[in-house]
Amino acid sequence: MDRLKDAARVAVTLAVLVCACLAGRWLWDRYQVAPWTRDGRVRADIVQVSPDVTGLVTEVLVHDNQSVRRGQVLFVIDRARYQLALEQAEATVASQRAMLSEAESEDRRNRALGDLVTTEATEQGAAKVEEMKAALQQAVVSRTLARLNLERTRVGASVDGSVTNFQLRPGDYLTAGRPALALVDAASLHVDGYFEETKLARVHVGECVQVRLMGVSDPLFGKVESIASGVEDRERDPSGDLLANVNPTFSWVRLPQRIPVRVVLDRLPPNVGLIVGRTATVTVLEPPPPLKPPQGTRRT
């Protein structure tokens with residue numbers, strides 16, 4: 001009887017050890033090797049909308065968080081002032097044309113008189129015509145520039161997307177080249193999963209991916225589009241003598257680097273909105289291993 005009890009205890013102990021080993025192996029594979037990460041973010045390209053002309057904002061045609069289409073006018077800058085500049089440029093062109101016409105008539109008259117006009121006067125007349133032609137060409141270019149500036153007083157969206165963190169109001173003064181608002185490019189929405197470098201061996205371009213957004217029950221699916229080719233080395237600083245300046249570390253634990261993996265999503269459910277910055281869990285769905293043919297059979 002005692003022998004049976006001892007055998008039972010040994011069997012239970014062995015079973016517990018086997019279960020513990022299997023559980024440990026599963027945990028190791030799950031958290032150290034399996035290609036998944038909780039460190040994922042919804043990302044998109046942010047277009048900084050900047051005016052190409054300087055002036056006061058006279059009209060604002062959008063509001064915060066509004067969806068816009070490519071080419072849609074977002075705001076208008078002081079069209080009256082640039083309209084006056086265009087009219088002034090057109091007047092300058094007309095004046096230069098009149099002066100050129102007068103110079104050409106005088107040059108033709110001098111040439112028709114022949115020897116009655118000195119050679120020096122004839123040459124001066126021809127030079128004046130060329131000078132007036134150059135001045136006219138310059139005036140035409142200035143008019144074209146004035147027309148372009150007038151067109152660019154209407155600042156439009158360069159991509160389909162949505163306006164975010166919008167604080168522009170009529171009366172604000174904008175400078176050419178300085179960003180006025182941010183536009184989230186809807187076509188560039190994707191998910192970046194930051195995988196530990198120990199898991200990259202099981203992540204490949206083109207593999208299917210499952211994405212779970214925090215707070216959303218339905219999973220999303222996509223594919224690995226690309227893997228980053230480099231990350232910043234924070235342990236290495238620039239040095240004045242052109243040598244590598246590496247900070248010494250004395251930690252016993254080496255944390256693996258996290259490498260960005262870009263995931264492009266497939267069709268989105270209608271009730272799910274991708275907001276830049278949302279947290280996501282990214283899991284690479286590895287394909288099952290190929291089936292081996294039964295022994296004794298020949299592959300065709």
Side-chain angles (χ1 to χ4, degrees), residues 16-47 161 164 182 184-239 243-269 271-292:
V16 171
L17 289 175
V18 171
C19 292
C21 291
L22 293 176
R25 177 59 185 271
W26 182 86
L27 290 173
W28 172 265
D29 183 75
R30 174 65 175 170
Y31 290 99
Q32 297 295 328
V33 182
W36 73 282
T37 179
R38 289 194 182 97
D39 190 8
R41 294 289 187 275
V42 177
R43 301 291 301 273
D45 295 336
I46 306 300
V47 179
T164 184
V184 180
D185 186 0
S188 67
L189 282 168
H190 63 279
V191 173
D192 277 348
Y194 301 97
F195 285 80
E196 296 176 354
E197 56 187 331
T198 56
K199 301 181 178 182
L200 282 182
R202 297 170 68 175
V203 179
H204 304 91
V205 175
E207 289 184 328
C208 295
V209 174
Q210 181 189 78
V211 177
R212 288 189 174 274
L213 299 178
M214 185 174 292
V216 178
S217 58
D218 297 331
L220 307 178
F221 295 93
K223 292 183 179 180
V224 176
E225 184 180 52
S226 61
I227 301 174
S229 58
V231 294
E232 179 66 22
D233 186 0
R234 285 185 263 179
E235 298 299 328
R236 180 171 177 171
D237 299 325
S239 175
L243 297 179
N245 182 15
V246 182
N247 297 323
T249 57
F250 303 97
S251 57
W252 292 96
V253 179
R254 297 183 62 187
L255 298 178
Q257 288 277 18
R258 291 186 176 269
I259 310 300
V261 175
R262 185 184 179 107
V263 175
V264 58
L265 297 174
D266 297 335
R267 182 179 58 87
L268 298 176
N271 59 337
V272 175
L274 288 183
I275 301 175
V276 176
R278 290 195 68 169
T279 305
T281 298
V282 182
T283 303
V284 176
L285 303 178
E286 297 179 294
L291 296 178
K292 295 182 179 180

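- Listed by chain and residue number, nothing satisfies the salt bridge (charged side-chain N to carboxylate O under 4.0 Å, His left out) test with Glu197 (two or more places apart in sequence, or in another chain).
- Considering only residues two or more places apart in sequence or on other chains, Asp192 meets the salt bridge (charged side-chain N to carboxylate O under 4.0 Å, His left out) condition with Arg43.
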Please set out all donor-acceptor pairs under 3.5 angstrom arising from side-chain atoms of residues 259-266, sequence neighbours excluded.
residue, atom, partner, partner atom, Å
Arg262, NE, Glu225, OE1, 2.6
Arg262, NH1, His190, NE2, 3.4
Arg262, NH2, His190, ND1, 3.4

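- Across Val205 and Ser226, no two heavy atoms sit closer than the pair CG2-CA, 4.2 Å.
- When every heavy atom of Arg212 is checked against every heavy atom of Ser217, the shortest pair comes out as NH1-O, 3.0 Å.
- In this structure Ile46 satisfies the side-chain contact (heavy atoms from CB on, under 4.5 Å) test together with Ala182, Val184, sequence neighbours excluded.
- For the residue pair Val284 and Glu207, the shortest heavy atom distance occurs at CG1-OE1, 3.1 Å.
- Pairing each heavy atom of His204 with each of Val224, the nearest pair is O-CB, 3.4 Å.
- Here the shortest heavy-atom pairing between Val42 and Ile275 reads CB-O, 3.4 Å.
- Atom CH2 of Trp36 sits about 13.5 Å away from atom CG of Leu285, to the nearest 0.5 Å.
- In terms of the side-chain contact (heavy atoms from CB on, under 4.5 Å) criterion, Ala186 has no residue partners (sequence neighbours excluded).
- Using a 4.5 Å heavy-atom cutoff, the side chains of Phe195 and Val282 are in contact.
- In this view, Asp39 and Thr37, Arg41, Tyr194, Arg258 satisfy the side-chain contact (heavy atoms from CB on, under 4.5 Å) rule, not counting sequence neighbours.
- Atom CG of Leu220 is separated from atom CG of Asp218 by 8.0 Å, given to the nearest 0.5 angstrom.
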